[in-house]
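What follows is a set of notes on a single structure, which appears directly below.
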Amino acid sequence: MLDSVQTTERVGEILLAHKGMEGALLPILHAIQEEFGHVPQEALPIIARDLNLSRAEVHGVMSFYHDFREAPAGQHVLKLCRAEACKAVGADALATHARGALGIDWHETTKDGKVTLEPVFCLGLCACGPAALVDGKLVGRVDAAKLDRLVGELK
Ligand code: FES
């Protein structure tokens, strides 16, 4: 875990690496999230100053795009598709099962810090739903038993 001086320094380096880039805000936010696992609050005024934006503008962009986190995720991130094709093959029941099995709701992390559960709206795996993304890896045809297995492997 970096302290706030190290965080500020690292954010400064990321800003420098994007100097002069047109429309740099999104790439900067991606790079910061890549580095820290989330976008630390203290990074926002530094980004705003560097790009000559208001802090509210930076915050607005961050909260509009669901991929940016304000707080660190758990060790693993399990995303379940909530979109139409997956719904047609049982995504709702799977989601209820997942929330029960993990004991958490959407956007929450299990108490042991292992798994964060997030909804996602289509993963392009519509013919093999219900679809999931486990730490960035696509998994198709997820039923309750498969989900239990996946979660068991993560714990
Ligand atoms: S609807 Fe679930 S992957 Fe497309």
Side-chain angles (χ1 to χ4, degrees), residues 1-2 7 10-11 13-15 17-18 21-44 47-48 51 53-155:
M1 190 82 173
L2 300 179
T7 302
R10 192 59 200 115
V11 169
E13 286 166 11
I14 290 170
L15 289 170
H18 291 80
M21 178 190 261
E22 210 173 306
L25 181 53
L26 288 178
I28 286 169
L29 290 172
H30 277 294
I32 288 178
Q33 174 143 304
E34 178 100 335
E35 173 78 20
F36 299 100
H38 68 295
V39 181
Q41 275 298 310
E42 61 214 275
L44 300 187
I47 300 170
L51 296 183
L53 298 169
S54 74
R55 196 180 160 151
E57 281 170 303
V58 177
H59 186 264
V61 168
M62 225 201 102
S63 45
F64 178 80
Y65 291 101
H66 295 173
D67 274 348
F68 298 125
R69 302 174 194 292
E70 291 189 18
Q75 219 171 308
H76 303 283
V77 179
L78 170 62
K79 297 190 186 214
L80 294 180
C81 179
R82 309 288 299 122
E84 284 314 314
C86 287
K87 273 185 186 243
V89 288
D92 282 343
L94 181 70
T96 304
H97 176 81
R99 298 201 315 265
L102 292 165
I104 52 174
D105 209 337
W106 299 116
H107 305 291
E108 291 181 353
T109 300
T110 50
K111 273 206 199 71
D112 59 7
K114 292 265 179 176
V115 186
T116 299
L117 179 66
E118 289 180 342
V120 61
F121 293 88
C122 194
L123 291 163
L125 208 65
C126 315
C128 308
L133 198 64
V134 187
D135 291 337
K137 256 194 356 239
L138 280 170
V139 188
R141 301 196 208 286
V142 184
D143 58 12
K146 194 159 175 180
L147 185 120
D148 289 344
R149 264 204 317 279
L150 288 170
V151 168
E153 284 164 16
L154 297 180
K155 292 249 180 184

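What you see below is based on every heavy atom in this structure, not just the backbone, and it leaves out hydrogens, waters and symmetry mates. FYI, the numbering just counts along the sequence from 1. Whatever order the structure lists ligands and atoms in, that order sets their numbers, starting from 1.
Distance alone, capped at 3.5 Å, places no donor-acceptor pair between the Thr116 side chain and the Val77 backbone. Judged purely by atom type and a 3.5 angstrom limit, His76 uses its side chain to pair as donor or acceptor with the backbone of Leu154.
A side-chain contact (heavy atoms from CB on, under 4.5 Å) with Ile47 is found for exactly one of Leu53, Ile14, Leu29, Val61, namely Leu29.
Put simply, the side chain of Phe121 does not reach to within 4.5 Å of the side chain of His66, judged on heavy atoms.
Taking a cutoff of 4.0 Å between a charged side-chain nitrogen and a carboxylate oxygen, Glu13 and Arg10 qualify as a salt bridge.
Heavy-atom proximity to Leu125, at under 4.0 Å, picks out these atoms of ligand 1: 3 (S). Under a 4.0 Å criterion applied to the non-hydrogen atoms of Ala85, ligand 1 contributes the atoms 1 (S). Shown in contact with Cys126 at under 4.0 Å from a heavy atom are these atoms of ligand 1, numbered in order with element: 1 (S), 3 (S), 4 (Fe).
Checking Cys122 against atom 4 (Fe) of ligand 1, an N/O/S atom falls under the 2.8 Å cut-off. Atom 4 (Fe) of ligand 1 has no N, O or S atom of Cys86 under 2.8 Å away, backbone or side chain.
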Q | side chain to side chain donor-acceptor pair (under 3.5 Å) between Asp67 and His30, worked out | A | CA-CA 9 Å; Asp67 274 348; His30 277 294; 5.9 Å; no
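Contacts between Cys81 and ligand 1 below 4.0 angstrom, taking non-hydrogen atoms only, involve the side chain exclusively.
Judged by the shortest distance from any of its heavy atoms, Gly129 lies outside the 4.0 Å radius around the atoms of ligand 1.
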